There are 2 protein chains.
Amino acid sequence: MPINMKSIAAQAGVSVATVSRALNRPEMVHPATREKILAIVEDLNYAPNRFAQGLSTGKTKLIALVVPTLNNSFFGQLADGCQSYLISEGYNLIIYSYEEYGHKELGIIHDIDQRMIEGLILSGSGFYLDTYQEMLNKIKIPVVLVENSPETTGISSVYIDDVAGMTMAAQYLINQGHKQIGIIAGPEKMLTTDRRIKAVRNVFKDYHLNLNEKHVIFGEYASLESGATALQKLMKNRKPPTAILAFNDILAIGALKAAIQLGLKIPKDLAIIGFDDIPMAAYYSPALSTIHSPSLDLGKHAARLLLEKLTEADAPIKKMLLPVELILRETT
Amino acid sequence: MPINMKSIAAQAGVSVATVSRALNRPEMVHPATREKILAIVEDLNYAPNRFAQGLSTGKTKLIALVVPTLNNSFFGQLADGCQSYLISEGYNLIIYSYEEYGHKELGIIHDIDQRMIEGLILSGSGFYLDTYQEMLNKIKIPVVLVENSPETTGISSVYIDDVAGMTMAAQYLINQGHKQIGIIAGPEKMLTTDRRIKAVRNVFKDYHLNLNEKHVIFGEYASLESGATALQKLMKNRKPPTAILAFNDILAIGALKAAIQLGLKIPKDLAIIGFDDIPMAAYYSPALSTIHSPSLDLGKHAARLLLEKLTEADAPIKKMLLPVELILRETT
DNA sequence: ATAAGTTCTGCAAACGGTTACACGTTTTTG
DNA sequence: CAAAAACGTGTAACCGTTTGCAGAACTTAT
């Protein structure tokens with residue numbers, strides 16, 4: 001015996017239409033009838049079948065989140081943030097992590113139709129500068145970008161204040177007397193990479209310093225190994241850096257490990273500042289100085305912005321900038 | 001102009017039924033017709049609407065995964081593993097992380113009906129011994145358990161060889177001459193905790209040693225902080241341990257950090273072995289000795305077992321035990 | 001008491017597929 | 001060469017909702 005509207009209707013002695021209305025537009029049905037129906041609904045713990053709803057309304061309350069990988073606290077927290085907000089609003093989240101999934105096409109464009117996904121939250125490094133707009137053009141549903149280009153027009157996005165973060169970090173290091181600063185960046189074509197590196201260059205300019213191009217290493221997005229090899233390469237320079245700016249904590253920790261293995265004293269021989277402030281940063285040994293970014297909030301705000309676009313026809317495009325904080329621990 | 005079956009049918013000059021058959025049971029339709037239809041389908045990049053399919057077949061190809069949190073590489077990888085396998089089989093995954101979501105009821109039971117979720121992969125610590133069976137009884141769809149009780153009857157499960165892992169670790173420490181071994185366990189009522197602690201007790205018995213009950217600390221599931229406080233408590237004992245077995249790497253790293261802060265030399269004053277071998281383990285400083293468990297595979301196998309149950313009516317209950325490995329690094 | 005509103009409810013079509021059944025066509029068989 | 005079997009396709013019911021439309025029942029105004 002399936003518990004569907006029909007059975008509710010039968011029990012209440014009304015038509016399915018009335019049950020539907022009692023649920024969706026209560027003011028349209030007579031109080032007495034409504035009470036009766038709702039009591040039965042409550043009693044049977046009935047909830048409408050979303051598929052049928054989806055078919056008939058075109059609304060499925062399904063949102064997709066795209067992340068590079070879940071094997072990184074930053075995205076894990078981001079996902080948790082989206083999740084919790086969406087669930088509270090009656091939406092569900094499908095997460096696509098393209099590292100394991102295999103990048104090609106992401107298949108999402110396909111699923112958007114098949115699954116009738118209503119909105120998309122795009123995060124991470126997968127969306128490179130050159131293929132970026134092209135990709136977005138193919139998507140016909142509302143999109144919110146996380147940690148991506150504020151330059152992109154027409155799309156709401158939530159991002160953290162990269163520029164402020166990098167600026168603070170670079171200024172701090174320079175004020176500490178560092179002249180040779182190594183940059184361990186993410187992939188070259190990534191938007192965040194771009195933004196952050198420009199911020200560093202600007203600080204250097206302000207201080208009338210020169211950024212040694214050999215001290216800039218592009219690598220994988222967030223891999224411990226990539227951080228380690230970057231550091232090794234940096235230290236082989238004739239004038240090795242005395243401080244490192246890493247574009248995320250995973251890279252920073254990889255670098256930190258490599259530095260320790262090279263026998264460097266941290267922070268005396270080498271100072272390191274990361275980015276993100278993943279939980280592990282405070283617990284590394286030595287504890288990593290880093291830029292704190294509110295990843296959970298990032299997710300929540302992204303989800304909120306998306307739902308706004310979904311439910312309010314005239315929701316304006318918003319660019320939301322979340323503040324960051326420089327947290328000084330033991331690596332500086 | 002929506003691209004649905006109707007439009008395909010119109011273009012091919014056949015009925016929707018034939019299109020449906022061409023897609024689902026190709027052998028039933030005349031090769032020539034089939035070719036024609038498939039060509040159009042290909043051309044328009046058509047894919048059937050899953051909601052409509054779901055409504056009429058009852059199959060939605062939606063699987064849910066329950067994890068405590070995504071803010072832990074172990075579960076991140078687990079999720080990635082499930083994801084990649086499921087996607088390759090045409091399924092989609094909805095992830096519920098109950099830490100952020102709020103534990104109560106998990107709401108999943110609700111969503112299972114609403115969303116017509118076909119199968120469930122349950123992982124993690126949320127399912128405690130006492131409420132465990134009760135919870136499972138409420139679920140009417142196929143379930144696969146990850147890292148959970150092999151004692152549970154009637155349910156397929158994938159788990160790692162806790163017992164072998166803990167046994168190896170304990171034996172190793174004892175053979176190294178440690179007599180006072182501290183245990184930093186997860187929550188007391190968790191099934192894995194139970195299994196692992198029994199394994200340790202057995203090793204002690206085999207060696208005719210006594211496990212000091214004061215050396216066993218139960219804590220949160222996987223929190224750095226909980227690991228740190230556990231260690232502090234342990235070291236306050238009159239006879240503090242000279243080695244630590246932590247039930248996961250997060251706890252281990254928390255403990256490690258606390259130990260370093262107490263000025264202990266690792267591994268001379270204190271040896272530590274973790275569990276899971278998250279990527280960070282190798283990159284911690286000192287690198288953490290740990291039991292490697294194949295979290296990605298865990299996910300893939302769980303997903304595979306679930307699909308077997310879904311598609312093969314008589315799929316047998318399977319208990320799959322994945323082997324672990326003791327990896328000795330710098331903390332032993 | 002009747003006309004004109006208001007409420008409230010039911011009917012039925014639609015959403016986009018799947019599939020049992022029936023029917024016309026072709027092939028096989030004795 | 002007719003009867004039987006096999007094949008290919010269309011018709012229509014169904015899955016569980018939502019919602020425009022129409023009509024019944026009740027108010028209110030005249």
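To find a chain, count down the sequence lines: A is the first, B the second, and so on, and within it residues start at 1. Note that the coordinates shown come from a computational prediction; the quantities given were computed from them, not determined experimentally.
Comparing C:dG17, C:dT9, D:dT19 against the side chain of A:V29 picks out C:dT9 as the nearest. Which of C:dT9, C:dG17, D:dT17 sits closest to the side chain of B:P48 comes down to C:dG17.
Between B:A52 and B:R21, the residue whose closest nucleotide on DNA chain C is further toward the 5' end is B:A52. Each of B:T57 and B:H30 has a nearest nucleotide on DNA chain D; the 5'-most of these lies closest to B:H30. The nearest heavy atom of DNA chain D to B:V16 and to A:I3 marks one nucleotide each, and the one closer to the 5' end goes with B:V16.
From one end of the helix from C:dA1-D:dT30 to C:dG30-D:dC1 to the other, with five pairs defining each end axis, the axis direction shifts by 50° (rounded to 10°).
A sub-4.0 Å separation between OP1 or OP2 of C:dG16 and a side-chain N or O of B:Y46 is absent. Here A:N4 reaches the OP1 or OP2 of D:dG16: one of its side-chain N or O atoms lies under 4.0 Å away. Look at A:T33 and you'll find a side-chain N or O under 4.0 angstrom from OP1 or OP2 of C:dT9. For A:N24, a side-chain nitrogen or oxygen approaches OP1 or OP2 of D:dT18 to under 4.0 Å.
What separates NZ of A:K61 from P of D:dT17 is a distance of 15 Å, to the nearest Å. One can place CZ of A:R25 at 9 Å from C1' of D:dT18, the figure rounded to the nearest angstrom. Atoms CE (A:M28) and P (C:dT6) sit 15 Å apart, rounded to a whole Å. When the C1' atom of C:dT9 is taken as reference, atom CZ of A:R34 falls 14 Å away, rounded to whole Å. Rounded to whole Å, atom P of C:dC8 lies 16 Å from atom NZ of A:K36. Summarising the geometry, the separation between CD on B:Q53 and C1' on C:dG17 is reported as 7 Å, rounded to the nearest angstrom. The distance from atom CZ of B:F51 to atom C1' of C:dC15 is 12 Å, rounded to the nearest whole Å. Taking atom CE of residue B:M5 and atom P of nucleotide C:dG16, one finds them 12 Å apart after rounding to whole Å.
Residue contacts shown for A:T18 are limited to sugar-phosphate atoms, with no base heavy atom under 4.0 Å away. Contacts of B:S20 with the nucleic acid, taken as non-hydrogen atoms under 4.0 Å apart, include base atoms. Residue-level contact check: B:V14 touches the backbone only, with heavy atoms under 4.0 Å from sugar-phosphate atoms and none from bases. Residue A:R50 is classed as having no contact, given no heavy-atom separation below 4.0 Å to the nucleic acid.
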In sequence, state the C-alpha distance, the side-chain angles, and the governing distance for A:Y96 and A:D111, and then conclude on side chain to side chain donor-acceptor pair (under 3.5 Å). CA-CA 11 Å; A:Y96 293 81; A:D111 275 20; 2.6 Å; yes
Does the salt bridge (charged side-chain N to carboxylate O under 4.0 Å, His left out) test come out yes or no for B:E308 and B:K318, once each step is laid out? CA-CA 10 Å; B:E308 276 179 17; B:K318 287 188 189 165; 3.0 Å; yes
Checking ring-ring contact (aromatic ring centres under 6.0 Å, His included) for the pair B:Y221/B:F74: CA distance, chi angles, key distance, verdict? CA-CA 12 Å; B:Y221 178 60; B:F74 178 77; 8.0 Å; no
Apply the test side-chain contact (heavy atoms from CB on, under 4.5 Å) to residues A:F51 and B:Q114: give CA-CA distance (whole Å), side-chain angles for both, the deciding distance (0.1 Å), then the verdict. CA-CA 8 Å; A:F51 278 60; B:Q114 289 204 176; over 6 Å; no
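Side-chain atoms of B:V67 and B:I95, non-hydrogen and from C-beta on, do get closer than 4.5 Å to each other.
Considering A:V158, A:V146, A:I121 as possible partners of A:L78, the one that fulfils the side-chain contact (heavy atoms from CB on, under 4.5 Å) test is A:V146.
A donor-acceptor contact under 3.5 angstrom links the side-chain atoms of A:S56 to the base of D:dT17.
Residues B:S123 and B:V66 come closest through the heavy atom pair OG-O, 2.8 Å. Smallest separation of non-hydrogen atoms from B:T60 and B:M116: OG1-O, 2.5 Å.
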